[in-house]
Amino acid sequence: MVSLSLSLSLPHIHTLDSETRTYSCSRSNFPTVRAAVVHVCRIGSHLGIRWFSDITQKGYEKKRAKVLAPYLTQTQSKNTEISLLMHLLPSISFSAIVSLSFGTRDERYRSDIHTEAVQAALAKHKEEKMALPMPTKRRSAYVQSPIDNCTPPDSSSSSDDEAVSSESAGPQQSPDTWINSSLHGSSTSSSASSTLSHGESRPTQPSALAEAFAQTRIGECNTYIIRSYICSSHDLRIPRSVESVRECVFVRLSHPTLPDPVPGVGVPVSSRVSTKIQQLLNTLKRPKRPPLSEFFMDDQEEIVEVPQADPNTPKPEGRQIIPVKGEPLGVVSNWPPALQAALARWGATQGKSPALTALDITGKPLYTLTYGKLWSRSVKLAYTLLNKLGTKNEQIIKPGDRVALVYPNSDPGMFWVAFYGCLLAEVIPVPIEVPLSRKDAGSSQVGFLLGSCGVGLALTSEICLKGLPKTPTGEILQFKGWPRLKWVVTDSKYLTKPSKDWQPHIPTANTDTAYIEYKASKEGTVMGVAVSKVAMLTHCQALTQACNYCEGETLVNVLDFKKDMGLWHGSIMNRIHTISVPYAVMKACPQSWVQRVHIHKARVALAKCRDLHWAMMAHREQRDTSLASLRMLIVADGANPWSVSSCDAFLNVFQAHGLKSEVICPCATSPEAMTVAIRRPGVAGAPLPARAVLSMTGLSHGVIRVNTEDKNSALTVQDVGHVMPGALMCIVKPDGPPMLCKTDEIGEIVVNSRAGGTMYYGLSGVTKNTFEVIPVNASGTPIGEIPFVRSGLLGFVGPGSLIFVVGKNEGLLMVSGRRHNADDLVATALAVEPVKTVYRGRIAVFSVTVFYDERIVIVAEQRPDASEEDSFQWMSRVLQAIDSIHQVGLYCLALVPANTLPKTPLGGIHISDTKQLFLEGALHPCNILMCPHTCVTNMPKPRQKQPVGVGPASIMVGNLVAGKRIAQAAGRDLGLIEDQDLVRKHHFLTEALQWRAQTDPDHTLYVLLNAKGVAVCTATCVQLHKRAEKIAAALMERSGINIGENVVLLYPPGKSHILCPVLVVFERLGQLKNYIGVKVKVTYPWFSPDDLPRKRPPTIYKPPNAEMIAYMDFSVSTTGMLTGVKVRDFSHHLNRFFLVILGSFGEPLTPGSLQCVCIWVNSPHNATEYYTIYGEENLQADHFNTKLSFGDPQTLWARTGYLGFVKRTELTDSSGDRHDALFVVGSLDETLELRGLRYHPIDIETSVSRAHRSIGESAVFTWTNLLVVVAELCGSEQDALDLVPLVTNVVLEEHHLIVGVVVIVDPGVIPINSRGEKQRMHLRDSFLADQLDPIYVAYNM
């Protein structure tokens, strides 16, 4: 325990007396304290306070005066913020500021206020005792690969989104014990216990185990913490005194009279699985947030939604917004008529002026490209493209053609030459990233971009060309989805110097396309945004005016120079000297760009909030570093709501190095609208930038509400300045018609300006909806005729026409009618201190559509050294935090091995490819947590039982009065056979066979086929008769049995099986011992029919009448019930079928309803009774002699056990009437009753088997109203956890059921009987007795 203390002397402010307080913190709660301290320091920084970094007594004495001085000299105008500071100080555990390692967080989403809010929300749940069912994972199911085995070599591009971080963080918070405390014991033994096979047993201590679990409880809380949960890989943790206990007492479940336990009573089985299921049931009983209105109703083939509006939903109340105009775009007399003309001017008049400086990997200047060299090389490339690529009579490239620019991020000079060379040749450049392999994330989508743009030529450098993947013959690899390209190297030695009379054609800027910038949509589609020549020039002019650029200024660029702001601000419009800092340099030295600002006295810097944080974290007391020269620090992702914290922290650190607060200028951009808004560079003494503390609940409903209630659910956003010069902007609804929003409503920013994109090249269909938007007012009337461009940014206009951005369309998740920003969810997940779990803060958030709504999925990369315990705790706490902060449930949270998520070209997570892998079951998570009960609140309303007041007879009369027929169908009469005497002579089966053997001996009765469908054996009438006679003789001579006794026939399916059962009465059903669950020791005489006597039997037995039992058929149902049915000798007569409704429905069925009900049969050849040694007369009467309670109460019916329905068809029967067709759906015994409806297991199993290619066989059953799905894994065990979300998805989509437990097992585990039928109840028994040894068991809570 390390204790840090600091004494602060607080001056007299308002009613507070001067006092000295000492605040201390320990290493365990340091992160929370750190968040609070940084929050206080941020407020102090606005007041001019410079906080110190040393914590020694000497340092305290040295700087105490500096700390107190600003308090004593503040003006009355700042009393409000000082009061806020004083209000915060007594309520937090305060510590001195120390140099903090930046750990593993993605600093795009860094917010200390939000971190504090998340920790406060989690603190509400900390003392609650949770009894969560841990998953069962076979230890061999997944072993995370070492980081070296799954990490590709670093390219020159560093991460666009990830933090370059030190793996050894500073003081870390100790693991939270909120789960451990609930189980009163250690969890270290869980991994050992999970390695045991489910079939193994140990000495049991039922009382100790019961006591252990009896101590666990689920506390009441305001939020449903973990409603649905698929656990990580540990067993349930129990006290150390009983950690080795595994209770294996098993109560047989296969008896047909043993029902499932009554819901809420508990599980009458003591085993590890059953105990977890009981925990699952207890958790599901916890009070949850009221679900959405149950808006589903059955309407035959579809479910119709009837949404019910919540009257408490916040709605916009302001007036309709008025379009906001930017200042007029000034006209300067010496502005060039085209951007190429500016390059020509500087190349001729300022040839030695530096245009671009590139850095090497160490951060030192590698080369400087002057404007003269840039001009001459660009002219050479333009001449080569137009004249030297083909033969003398053939020109490969013509003006207007599109070419791809493929250059690495470490070579800005070659890219600049290629880009401006294409402009001079009037060829349209399409910059793309360097492909590394055929498996690059989004590679096929880049191919779609090249194809839609008609690209057939690619420009690259010699070094880049050598590094491209090649075939064994040395040719460039054909990348997936790419068109065939011709590669051209643009190094100077390969270019041709033009003749003296050749000059590039530089026309005045017009609407022709100048270049195409790629843009990835939310679905992953890569499209090309076409920027016209006049738009490119106008945009440069607008940036010059807004940023007040002057000739010869130095600009440090940390952004991607091939697109967006890195391309726009690094232009040659104002003869700016651009110093490009590649991402590879940022990896080695995060402060390199700050050093470049100091060395070159740069006036402008382009960076992201991530770069600010890296520089701040890598900062040491360097007295020679000065940022006083900066007049503008442009924050490229200032539109990210989470950038404000990094801006404040950077300012707080570097104010001592000359950085002024007014130089920080956030901006908002998009590929379609280009620069939308930018904060103008301020002057000393200007007012602080505007900020808004908004309610996340209000934002989710699309309205602006100042957060006043729950401080934990708040979002602080900063302005991004004013609209660009010459632009007109307004806010429209993000979906539906482009209707103007109200002043307090969140909408999409649309812009009308000459400085914007013109279309998605080659995609006219999607172009109209984005680039030709005409806003309309509340009445639907267009506000004008000028078209606007959708920016994809969501925001609002604040006071003073300041623009605020709260998110992007591509990160918008619409869940249950509410909007959630993916960046907000990432920020919340990162605020749960993922130092021990998440690898470099790499988290992806997206939504998948499941059951008529979007469901939120979070995927994170797990650190290689993360334990199962840490991973489970982090996932559980993320659920709690997101539920508390955002009031939304997660559908799935998955952890994958480090560096296995698909990456963007700059190293960030490729969201659309990650989503695709998740949907395809190819993500291969190492831990997964499914939460369908939390977020699926739009389930169909359960079917209710009908009231008892109206009986079936009354319903029957009502249907008849209404003209409805009873649902019945009759088979046709076979008619009379001509020779009735022959029928009387051969009334029994034995007689019929003897007659056939005499009259038609060679007629083939049976054919036996092998596995290939080839006939391998046949049985004719005479063969069958002779074989049967020999078996009869053997029975009479050797067995000593008497007439009427039973004989068991044990044959595999085949010819011998056919030959036996036609002569003798058989089946001594000793197997009934299995049916009743009693072990009966009986000795039977055995003999083999292969050794049969040659003589015939002296007599053939003839039954005295047709009522004698001919044989007993046996049936083994899939529910585990074995029955023997007595079958008499019979002849074929008329068959009649009648359908009625079973159980509580209590009404007869009419043909029009097509409802599946039980099929009853009345026929002379019905079986008569079950063979039983206990004489269950009630069961006999119910199945074989049942009667209707209405209509004809005298006729006896036999229950078939099948469900079906009757439907009248257009076919006619022999009488000319329309035919009533009988459709059999399945067996009644196999049906599962869930939510008041009956489901046939085979239907669900068919859906499950289609969910993933690695699923072989599957089986489903219920236990305590939970649906359990068992799937056999036919592929690698690495795919086991991929099956869990897919199984949950398909059952929810196709059957409207939430799976309670998903069990992944080895092939062949599901028991199959001799008929090929699944024995689901035996499977259930084995599962509950821990006898399956599953690969993975996931519990959905």
Side-chain angles (χ1 to χ4, degrees), residues 42 45-46 107-108 110 543-544 546-550 553-561 564-566 568-570 574 576-581 583 585-586 589-619 622 625-640 642-669 675 677-691 717-722 724 802-803 805:
R42 184 188 309 112
S45 67
H46 292 313
E107 298 307 328
R108 292 177 301 161
R110 176 181 172 82
L543 287 177
T544 299
C547 301
N548 196 21
Y549 281 131
C550 300
E553 285 188 313
T554 301
L555 180 147
V556 175
N557 179 24
V558 194
L559 307 180
D560 184 3
F561 52 78
D564 205 71
M565 296 189 64
W568 305 334
H569 286 263
N574 300 290
I576 289 178
H577 176 203
T578 301
I579 301 173
S580 181
V581 183
Y583 283 109
V585 176
M586 294 293 293
C589 181
Q591 204 184 5
S592 58
W593 70 273
V594 176
Q595 296 171 351
R596 288 296 116 190
V597 171
H598 166 74
I599 293 173
H600 295 274
K601 299 295 186 289
R603 301 282 289 158
V604 182
L606 280 171
K608 291 186 177 182
C609 61
R610 170 210 57 210
D611 307 318
L612 304 183
H613 183 77
W614 290 354
M616 179 185 66
M617 289 292 103
H619 169 69
Q622 297 180 358
T625 300
S626 173
L627 300 182
S629 62
L630 279 181
R631 66 172 185 84
M632 195 172 191
L633 174 56
I634 301 175
V635 183
D637 56 350
N640 178 3
W642 303 98
S643 64
V644 58
S645 183
S646 293
C647 293
D648 290 344
F650 184 81
L651 177 63
N652 182 50
V653 170
F654 284 96
Q655 258 188 327
H657 297 270
L659 180 67
K660 298 177 285 293
S661 60
E662 60 269 15
V663 308
I664 297 181
C665 300
C667 67
T669 66
T675 303
I678 188 169
R679 188 185 294 173
R680 310 302 194 259
V683 294
L688 292 174
R691 297 190 178 181
V717 294
Q718 63 179 346
D719 72 280
V720 291
H722 293 86
M724 290 294 289
L802 290 173
I803 309 302
V805 177

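We're numbering straight along the sequence, starting at 1. Just so we're clear, the structure is a prediction, and the values are computed from it rather than from any experiment.
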Asker: Is there a side-chain contact between E662 and I664 (heavy atoms, below 4.5 Å)?
Answerer: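 A side-chain contact is absent here, since even the closest heavy-atom pair is not under 4.5 Å.
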Asker: For the SG atom of C665 and the CG atom of L606, what is their distance to the nearest 0.5 Å?
Answerer: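 These two atoms lie 10.5 Å from each other.
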Asker: Do Q718 and D648 have side chains that approach each other closer than 4.5 Å (heavy atoms only, starting at C-beta)?
Answerer: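 Heavy-atom side-chain distance check fails, nothing below 4.5 Å.
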Asker: With N574, which residues qualify under side chain to side chain contact (heavy atoms under 4.5 Å, CB included), at least two apart?
Answerer: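 N574: side chain to side chain contact (heavy atoms under 4.5 Å, CB included) contacts with T544, Y549, I576.
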Asker: Please confirm whether the backbone N or O of N548 pairs with a side-chain atom of R631, one donor and one acceptor, at under 3.5 Å?
Answerer: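 Yes: the side chain of R631 pairs with the backbone of N548.
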Asker: Are side-chain heavy atoms of K608 and V635 found at a separation under 4.5 Å?
Answerer: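 No, every pair of side-chain atoms sits at 4.5 Å or beyond.
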Asker: Any idea which heavy atoms bring G638 and S643 closest together, and the distance?
Answerer: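 So the minimum-distance heavy-atom pair works out to O-OG, 3.3 Å.
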Asker: Identify, with sequence neighbours excluded, every residue that meets side chain to side chain contact (heavy atoms under 4.5 Å, CB included) alongside A602.
Answerer: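 Once residues adjacent in sequence are excluded, the partners of A602 under the side chain to side chain contact (heavy atoms under 4.5 Å, CB included) criterion are T554, V556, V597.
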Asker: F650: what forms a ring pair (Phe, Tyr, Trp, His ring centres under 6.0 Å) with it, not counting sequence neighbours?
Answerer: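 F650: ring pair (Phe, Tyr, Trp, His ring centres under 6.0 Å) contacts with W593, F654.
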Asker: Where do Q591 and A615 come nearest, in terms of heavy atoms and distance?
Answerer: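 That would be CG-O, 4.2 Å.
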Asker: Using the test side-chain hydrogen bond (donor to acceptor under 3.5 Å, both in side chains), find all partners of H600 that sit at least two apart in sequence or belong to another chain.
Answerer: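 Result, side-chain hydrogen bond (donor to acceptor under 3.5 Å, both in side chains) vs H600: R596.
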Asker: Find the distance between CD1 (I634) and CG (L555) and round it off to the nearest 0.5 Å.
Answerer: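 I634 atom CD1 to L555 atom CG measures 6.5 Å (nearest 0.5 Å).
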Asker: Might you work through the side chain to side chain contact (heavy atoms under 4.5 Å, CB included) test for D564 and L559, ending with a clear yes or no?
Answerer: CA-CA 9 Å; D564 205 71; L559 307 180; 5.8 Å; no
Asker: So, for N557 and G566, which heavy atoms are closest and what is the spacing to 0.1 Å?
Answerer: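 So the two residues come closest at ND2-O, 3.5 Å.
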Asker: Determine whether T675 and L543 make a side-chain contact, defined as any pair of heavy atoms from C-beta on separated by less than 4.5 Å.
Answerer: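 A side-chain contact under 4.5 Å exists here.
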Asker: Just to verify, what does S592 make a side-chain hydrogen bond (donor to acceptor under 3.5 Å, both in side chains) with, not counting sequence neighbours?
Answerer: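 If we apply the side-chain hydrogen bond (donor to acceptor under 3.5 Å, both in side chains) test to S592, skipping adjacent residues, there are no hits.
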Asker: How close do D719 and P689 get, heavy atom to heavy atom, and via which atoms?
Answerer: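 Heavy atoms only, the tightest pair is OD1-CB, 3.6 Å.
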Asker: Hey, could you give me the CG/OG distance between L612 and S645, rounded to the nearest 0.5 Å?
Answerer: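 These two atoms lie 11.0 Å from each other.
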Asker: Taking K660 for its side chain and A628 for its backbone only, find out whether a donor-acceptor pair lies under 3.5 Å.
Answerer: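 Yes, because the side chain of K660 sits within donor-acceptor range (under 3.5 Å) of the backbone of A628.
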Asker: Taking all non-hydrogen atoms of both residues, which atom of C547 and which atom of H569 are closest, and how far apart?
Answerer: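 So the minimum-distance heavy-atom pair works out to SG-CE1, 3.9 Å.
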Asker: Tell me every residue that passes side-chain hydrogen bond (donor to acceptor under 3.5 Å, both in side chains) with R603, counting only those two or more places apart in sequence or in another chain.
Answerer: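 Once residues adjacent in sequence are excluded, R603 has no partner under the side-chain hydrogen bond (donor to acceptor under 3.5 Å, both in side chains) criterion.
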Asker: Would you give the length of the straight line joining atom CD1 of I803 to atom NE2 of H722, rounded to the nearest 0.5 angstrom?
Answerer: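 Atom-to-atom, I803:CD1 and H722:NE2 are 8.0 Å apart.
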Asker: Would you compute the distance between atom CZ of R610 and atom OG of S646 and round it to the nearest 0.5 angstrom?
Answerer: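 Result: 10.5 Å between the selected atoms.
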Asker: For the CE atom of M565 and the CG atom of D637, what is their distance to the nearest 0.5 Å?
Answerer: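 The CE atom of M565 sits 9.5 Å away from the CG atom of D637.
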Asker: Taking all atoms of both residues into account, what is the closest heavy-atom pair of R680 and A546, and its distance?
Answerer: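 The pair with the smallest heavy-atom distance is CD-O, 3.4 Å.
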Asker: If we only count heavy atoms from C-beta on, is the H657 to V594 side-chain gap below 4.5 Å?
Answerer: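 They are not in side-chain contact.
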